[in-house]
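A short write-up of the structure that comes next.
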Amino acid sequence: MLSYIKRKLSESDGGASSVATVTSSSGGGDSGSAGGTGGTGGSSSASISKSGQRSQNADELVRKTSQMSMDDEAIAFGEDALLHELGYKSSTELQETIYDLLRGIRDPEKPCSLEDLNVVYEDGIFVMPPTRSNVSVVRIEFNPTVPHCSLATLIGLCIRVKVERGLPHNIKLDIYIKKGAHQTEEEINKQINDKERIAAAMENPNLRNLVENCIKDEE
């Protein structure tokens, strides 16, 4: 950002300097007239003076912009601005918030958390570019313990429900099995990212109880 501003201001200064040079050269060609020479010299001095003033203004603007960039409340652009609206200073803070929600989910069969089994991990959380309607997108990758894990769909459902309940704002979640980590990963990925299938699954009382037991916070 700073380099862009400085480059633009330098281009402006360069244009002003060129005007001053051309005006000065014109004055030399009109040396036969005392009145003409005096007038041209004054114009050249004025142009150079304006050029110097613009250069000082450019340096001052760059200095102020640099200072703003070092402040805690730096100006946010694009995706960062959207994250700031949601209450996050950066994508890293959003990643950490989501991981804190995921790490305590319990495995459906083993007395361990998904973090303990390395099924979920912080590096598997990605903040993606927002949608056209300016909704933040987060991709969560998880790694089943075995390629034929029969509970992978349930784990993906637990991840979705936990995050959607834990975040106070609207974020689009894309949840996927790590590439090559499961024999039927494509089918499972479709199931855990299909709103109708998710709604139908949560209407099943037995499945809903399993999910609730896995995602409930420890007392």
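Since the structure is predicted, the reported quantities are computational estimates derived from the model, not experimental observations.
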For T184, side chain to side chain donor-acceptor pair (under 3.5 Å) partners two or more places apart: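 Once residues adjacent in sequence are excluded, the partners of T184 under the side chain to side chain donor-acceptor pair (under 3.5 Å) criterion are H182.
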
Got a sec, which residues hit side chain to side chain donor-acceptor pair (under 3.5 Å) with Y176, two or more places apart in sequence or on another chain?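 Partners of Y176 under the side chain to side chain donor-acceptor pair (under 3.5 Å) test: none.
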
Search all heavy atoms of [X] against all heavy atoms of [Y] and return the closest pair with its distance.
| X | Y | value |
| --- | --- | --- |
| L82 | S136 | CD2-OG, 3.3 Å |
| C112 | L117 | CB-CG, 4.0 Å |
| Y121 | F142 | OH-C, 4.1 Å |

Can you list everything that forms a side chain to side chain contact (heavy atoms under 4.5 Å, CB included) with [X]? Sequence neighbours excluded, please.
| X | answer |
| --- | --- |
| D100 | R103 |
| K89 | E93 |
| V137 | M128, T131, K172, D174 |
| A181 | N143, P144, I177, K178 |

Value rounded to 0.5 Å, distance of [atom1] in [X] from [atom2] in [Y]:
| X | Y | atom1 | atom2 | result |
| --- | --- | --- | --- | --- |
| I171 | I98 | CD1 | CD1 | 5.5 Å |
| T153 | N189 | OG1 | CG | 9.0 Å |
| S90 | E96 | OG | CD | 7.5 Å |
| C149 | L154 | SG | CG | 9.0 Å |
| Y99 | D123 | OH | CG | 9.0 Å |
| I188 | E185 | CD1 | CD | 8.5 Å |

Would you indicate whether the side-chain heavy atoms of V138 and L167 approach each other to under 4.5 Å?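 The answer is no; the side chains never approach within 4.5 Å.
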
Could you tell me whether the side chain of T92 reaches within less than 4.5 Å of the side chain of Q95, counting heavy atoms only?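 The answer is yes; the side chains approach within 4.5 Å.
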
Under the ring-ring contact (aromatic ring centres under 6.0 Å, His included) test, residues paired with H169 that sit two or more places apart: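 Residues passing ring-ring contact (aromatic ring centres under 6.0 Å, His included) with H169: Y88.
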
Show me, pair by pair, the donor-acceptor contacts under 3.5 angstrom made by side chains of residues 155-163, not counting sequence neighbours?
unit_1: R160; atom_1: NE; unit_2: I192; atom_2: O; d: 2.9
unit_1: R160; atom_1: NH1; unit_2: E164; atom_2: OE2; d: 3.3
unit_1: R160; atom_1: NH2; unit_2: L173; atom_2: O; d: 3.2
unit_1: R160; atom_1: NH2; unit_2: I192; atom_2: O; d: 3.0
unit_1: R160; atom_1: NH2; unit_2: N193; atom_2: OD1; d: 2.9
unit_1: K162; atom_1: NZ; unit_2: I215; atom_2: O; d: 2.8
unit_1: K162; atom_1: NZ; unit_2: D217; atom_2: OD1; d: 2.7

Enumerate, atom names and distances included, each donor-acceptor pair closer than 3.5 Å involving a side-chain atom of residues 104-111, sequence neighbours excluded.
unit_1: R106; atom_1: NE; unit_2: N213; atom_2: O; d: 3.4
unit_1: R106; atom_1: NH1; unit_2: K216; atom_2: O; d: 3.3
unit_1: R106; atom_1: NH2; unit_2: N213; atom_2: O; d: 3.0
unit_1: R106; atom_1: NH2; unit_2: K216; atom_2: O; d: 2.6
unit_1: D107; atom_1: OD2; unit_2: E109; atom_2: N; d: 2.9
unit_1: D107; atom_1: OD2; unit_2: K110; atom_2: N; d: 2.8

By salt bridge (charged side-chain N to carboxylate O under 4.0 Å, His left out) - contacts of E122 (at least two apart): none

What pairs with E212 under salt bridge (charged side-chain N to carboxylate O under 4.0 Å, His left out), at least two apart in sequence or on another chain? R165

Donor-acceptor pairs under 3.5 angstrom involving side-chain atoms of residues 196-207: please list them, not counting sequence neighbours.
unit_1: R197; atom_1: NH1; unit_2: E187; atom_2: OE2; d: 3.2
unit_1: N204; atom_1: OD1; unit_2: N206; atom_2: N; d: 3.0
unit_1: N204; atom_1: OD1; unit_2: L207; atom_2: N; d: 3.2

